[in-house]
Amino acid sequence: MCGADPGALRRGAVDSPAMPDAPISRSSRIEIGALGGHARSEVTVCGFVDTIRRHRSVVFVVVRDETGAVQVVANPDPAEPFAQALNDLSVGSAITVRGALVDNEVVKLGGLEIQASSLVVESLSEAQWPITEETSLDKRLDWRFLDLRKPENLLIFRTQTVIEHAFRELWAEDGFVEIHSPKLMASASETGSELFRLEYFDGYAYLAQSPQFYKQMAMAAGFGKVFEIGPVFRANPSFTSRHDTEFTSVDVEISWIDSHENVMAHEERMLHAALTAVKDRYGALIEELFGVNIQVPVLPFPRVTHEQAHEIVEASGYRVPRADGDLDPEAERRLCAHIAREHGHEFVFVTDYPAALRPFYHMRHDDNPGLTKSYDLLWKGLEITTGAQREHRHAVLRAQALEKGMSEDEISYYLDFFRFGCPPHGGFGLGLTRILMILLARANVREVTYLYRGPNRLMP
RNA sequence: GGACCUGUGGUGCAGCUCGGAGUGCACGCCGGCCUGUCAAGCCGGAGGUCGCGGGUUCAAAUCCCGUCAGGUCCGCCA
């Protein structure tokens, strides 16, 4: 170990310093964001070293915690008790600083600084970081914990917290019940083509691709209205900016509805509440860090039928190349552009999809069995939700399942939900990561997912 | 799964058409100078299997083939 890493000895000296003085109380730290309103007196702050600017007789250290950043000014005189710590300090290190908080209008960072009287290196960072501001996303994801130290990344998850809280507030007021459905299943909940299979004792289990059947079970159980925010798993080898193999889904199911219209009305209220809350709480910060001015959507959202959507897209000079007639991403972008132009709205419900494009459990129109009582919700050109009124009549449901080629054995447990009385109901699934991606104008779901999972990424 | 694109010091790039010594830029890192910086500045330095394998050639970062990794879009979907 001699000389292999000349910094190691010095770091060792810092990590276990002689500490003659009483230790600084970390738990009495002031959050940096609160310093502006704090008395100009001795304060303790804890945080990561953001930058170090060294001069002969003065050193500036910018310290950042989860609430903000502040400049610390320190004297590098070898006679200072923290001289060695200051000399060895590196960007990224976790430190505790105590000193006099003073106003100084020369300081660009908030007009404040702390004149250090003591400085403790709690944990020294290696000097050379593997990532920088310029590093490509994939490499930053390898070092996600370092990437997440950036204030804008913290803001993503603060925003997510506000969104979920706004949803939960609304659900609580409306008497919804929260459920946590199992993620281990015996068989497919929908198509079966995109399931992860894993060993389960002497047999196999599958990871749930959706809580679909289980939230419908809650309707048969008489829970009335339920929600779940939880992980879902999709074994799609999808290489796009908007897909992942594990993501957080916001699921809702509501009993005693008249049609999918009631479901849409609930969802637009949810999004209105969430965006209002985000704008109130972080609108200015989001504008500053992401350049996004949040538009709280007007209620109700515009609605077009699937057929009307096609007419709008074709009028724009684009013919959907797909054989099955569903809207492709280009058509969805054009439709949203049209709605934004004509109605000044970022959202649009596309309703009444052909039965051929929808799963067996979507209810069909009484007067037109070729169309379902279903919808997608698009936001700024991206699909964020699929919802529908469900078919709750056992005989009809069973017939539609058989028509779609489902095996009765595989879904008999599901069909049982409808044999002993079940309310008319409907619901939807909403991709939380897609909401964040659109809301914060990020290019990719990987950036707004705490730890992204895709076909080629299981680490960290 | 399909199409197209990209792999060059720690990071981001240029160099590749038209082969000629690992050449260059910016940031970072290390050392030095500098009473107050705030994108600090100035001087010096270290750091490379040009993703990997094969081929063509006197000679390959450069041309060809294969392979691996990544990106964008499509398909699938939320």
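Chain letters run A, B, ... following the sequence lines, proteins first and then strands; every chain starts at 1. Because the structure is predicted, anything quoted here is derived from the model rather than measured. Heavy atoms only: backbone and side chains are in, while hydrogens, waters and symmetry mates are out.
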[N] OP1/OP2 closer than 4.0 Å to side-chain N/O of [X]:
{"X": "A:Lys108", "N": "B:G36", "value": "no"}
{"X": "A:Arg234", "N": "B:C77", "value": "no"}
{"X": "A:Asn456", "N": "B:G70", "value": "yes"}
{"X": "A:Arg242", "N": "B:A78", "value": "no"}

Query - Aro-ring/base stack A:Phe247-B:A78, d under 5.5 Å, angle under 30° - result: yes
[Y] ring center within less than 6.0 Å of [X] ring center:
{"X": "A:Tyr361", "Y": "A:His392", "result": "no"}
{"X": "A:Tyr353", "Y": "A:His306", "result": "yes"}
{"X": "A:Tyr414", "Y": "A:Phe213", "result": "yes"}

**Report entry** Secondary-structure string, 5' to 3', Watson-Crick or G-U under 3.5 Å, | for another-strand partners, for RNA chain B
**Finding:** (((((((..(((((.....[..))))).(((((.......))))).....(((((..]....))))))))))))....
Report task. Check every strand shown and say whether A:Ser249 touches a base, only sugar-phosphate, or nothing at a heavy-atom separation below 4.0 Å. Result ->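 No contact.
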Report task. Would you mind classifying the nucleic acid contact of A:Glu113 as base, sugar-phosphate or nothing, using non-hydrogen atoms under 4.0 angstrom? Result -> base
Requested in this report: Please state whether the base of B:C73 and the side chain of A:Thr240 form at least one donor-acceptor pair under 3.5 Å?
Outcome: no
